[in-house]
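Chain letters run A, B, ... following the sequence lines, proteins first, then strands; residues in each count from 1. Values in this document were obtained by computation on a predicted structure and should not be read as measured data.
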Amino acid sequence: MTPEELSAAISACLSQAVAAGEIAVEVPDTVRVERPKSREHGDWSTNIALQLGKKASMAPRDFAAMLVRRLSEVEGIGGVEIAGPGFLNITLDTAAAGELARTIVEAGDHFGHNQALTGHVVNMEFVSANPTGPLHIGHTRWAALGDAIARVLRASGAQVTSEYYINDAGNQMNVFARSVYNRMHGLPVPEGGYPGEYIKELADIVLAQAPELAEQDEETALPKLRELAYTAQLADIKSTLADFGVNFDVFFSESALHDGGAVADAVARLREQGHIFDLEGAVWLRTTDFGDDKDRVLIRANGEPTYFAADAAYYLSKKDRGFSEKIYLLGADHHGYVNRLKAIAACAGDDKEANIEVLIGQLISVNGAKLSKRAGNIIELRDLINWIGADALRYSLARYPADSPIALDPEQLKKNTNDNPVFYVQYAHARSFGASANAQAKGVTRESFDASLLTDPSENELLAVLGQFPSVVAGAAQSREPHRIARYLEQVAGAYHSWYAATRVTPLGDGPVEEVHHTRLWLNDATTQVLANGLSLLGVSAPERM
RNA sequence: GCCUCUGUAGCUCAGUGGAUAGAGCGUCUGCCUCCGGAGCAGAAGGCCGAAGGUUCGAUUCCUUUCAGGGGCACCA
């Protein structure tokens, strides 16, 4: 019996009691069941009687007593006790609890999938680093976390498109091109230009493709140089992301918005909506009507559209493409954008609470220094991957909530590789995988299964932890917090290691293979499955040996 | 000044309107003649930044306050 099934059973009892006229209260959609810290409080507990007692004008303990009578009749429930002010402590029959092992193995890769977000059509935009330099550590957090969120949302039934917005328009591209040009000719970095070593590499790549650029003056060379350098840089970004296990569904070009007339069109549409005004030659969007602290310019007095205008056009594109929820994952340095992005949504006639969601991730600091490609002291994502591996990096970024600031010391991270929790989890997977193979070599099989034999306390604990996976996934999806998966996996690994130390899947020595060994193989393999499914949601590999 | 995030064990950080607040690292004690010891069992270590409020119950929600990070462009 899974916690969900137990929860449903309690709801059913409540509904029956209402129907029978024993209580008069609105039955909540779901009843929360929790794993009590102490085993003395049963396998699962609920505080539903405390919550509903008052609403039903009953003493919580009387309400609880009513529920106990009905719950005790439910198949699979071994006992129900009232504790304290009205907690219900529920103990499952061993067999009902153990049945979960078979449920998981049979569900396979699908175990953990749920319907919490079925029907949601979501656009998730993240990373969106400027194509003027390589991805660096500042981009890695959302790359890891954003991709994990996309996976978790999909597992919860949402239809998700992940998107990378390429800021390939505006003056920065010219500065970028001039930086490459200057480097090519041994000139100093231009004012406000990019100094990093990668500029030299780009210059070499560009020259290899178009040697004639070396002979041309800046004005002649720039357009083609710009195009080639941009293409090379974007290709580098894409390949780094791929090595990190992050594959976007869509790469969306900002300049395409300008060239295709989408920006002008967006301004016209917003004007129709009545949120535009003209002042001192510029065109403004009245974002203050929707919570922004100042109005924003869309078209400058000189006729050029602002970056914000492209943002508006981009939002409308997402809306036109049918996404009911647009999620933006931004760094804390963009926190000032939240209100104006939401104002765009509202100006476009959307609900700024339901149709747009802006998540702010705190920045990662490295040795206390801020990183900037302009300053040239970047730590590249590719280097980090090479140093500590994509798995360890993704996991260590995914195990913290986005709003907690983390300070990474690359040297420390590299040194502490063996202390990284990812190894604890991956090791549990490898160990359970190996244990299964060994057991089967000794004649243990999954041909028979008797759930009532899983009586060891460590088995009760492991089963309880495994059973929580679907609700953990659903919770992670709804809260956009994939770190819950990581923390949960650490719990699973811990429960597995304890179980492994307490029981045996393979008989001791030359002992006979008994029914209990066959049954434990199911539990072992169920654990392997949950660990693999969970790691997959984080984009981390589940090795069969280490 | 305004907005926002953070403050929990020596360190890095989880966590919840409920029963005894957790993990890893570090420290200390045990456990390899047998399925992977990259592991297990146990010990020590806490004014959940501070003060008010809501509640039967607050570390959790609200207000104030102190401390730290980040942000406040007709840049992109």
| task | Please tell me which of Asp293(A) and Ala501(A) maps to the more 5' nucleotide of RNA chain B, matching each residue to the nucleotide holding its nearest heavy atom. | result | Ala501(A)
| said: Give me the distance, rounded to whole Å, that separates rG22(B) from rG15(B) when you measure between the P atoms they each carry. | reply: 15 Å
| note | Output field dot_bracket for RNA chain B (Watson-Crick or G-U, both distances under 3.5 Å, | for other-strand pairs) contains (((((((..((((....[...)))).(((((.......))))).....(((((..]....))))))))))))....
| task | For rA23(B) versus rA44(B), give the span between their P atoms, rounded off to a whole number of Å. | result | 12 Å
| Using the P atom in both, what is the distance from rG71(B) to rG17(B), to the nearest Å? | 32 Å
| Inter-nucleotide P distance (rA50(B), rU59(B)), Å rounded | 10 Å
| query | Between Asp168(A) and Arg226(A), is there a salt bridge with N-O shorter than 4.0 Å? | reply | no
| query | Roughly, in whole Å, what's the span from NZ in Lys294(A) to P in rC3(B)? | reply | 17 Å
| request: Decide yes or no for Glu125(A) and Tyr314(A): does some side-chain heavy atom of the first lie under 4.5 Å from some side-chain heavy atom of the second? | output: yes
| said: Need one value for Glu544(A): base, sugar-phosphate or nothing, where a base atom within 4.0 Å counts as base even if backbone is also close, heavy atoms only. | reply: base
| query | Can you check whether Tyr400(A) stacks with the rC13(B) base, using ring centres under 5.5 Å and planes within 30°? | reply | no
| field | Same-atom distance (P) from rG24(B) to rG57(B), integer angstrom | value | 35 Å
| query | Can you tell me how far C1' in rU54(B) sits from the matching atom in rC61(B), rounded to whole Å? | reply | 8 Å
| query | Can a salt bridge be assigned to the pair Lys318(A) and Glu163(A) using a cut-off of 4.0 Å between side-chain N and carboxylate O? | reply | no
| Across the strands shown, which category fits Thr503(A) at heavy-atom distances under 4.0 angstrom: base, sugar-phosphate, nothing? | base
| query | Which is true for Tyr427(A) with a 4.0 Å heavy-atom rule: it touches a base, it touches only sugar-phosphate, or it touches nothing? | reply | base
| Under the criteria of a ring-centre distance below 5.5 Å and an interplanar angle below 30°, is His334(A) stacked with the base of rG71(B)? | no
| request: Measure from CZ on Arg487(A) to P on rU8(B) and round the result to the nearest Å. | output: 15 Å
| message | For a quick test of reading the model: is some side-chain N or O of Arg300(A) closer than 4.0 Å to OP1 or OP2 of rA76(B)? | response | yes
| field | Between rA38(B) (P) and Phe423(A) (CZ): distance, integer Å | value | 13 Å
| Any cation-pi pair here, Arg545(A) with Phe433(A), using under 6.0 Å and within 45°? | no
| query | Between Asn167(A) and Met546(A), which is nearer to the 5' end of RNA chain B once each is assigned its nearest nucleotide? | reply | Met546(A)
| Checking all strands, does Leu298(A) fall into the base, sugar-phosphate, or nothing category for heavy-atom contacts under 4.0 angstrom? | nothing
| request: Decide, for rC35(B), between syn and anti: a glycosidic angle within 90° of 0 counts as syn, anything else as anti. | output: anti
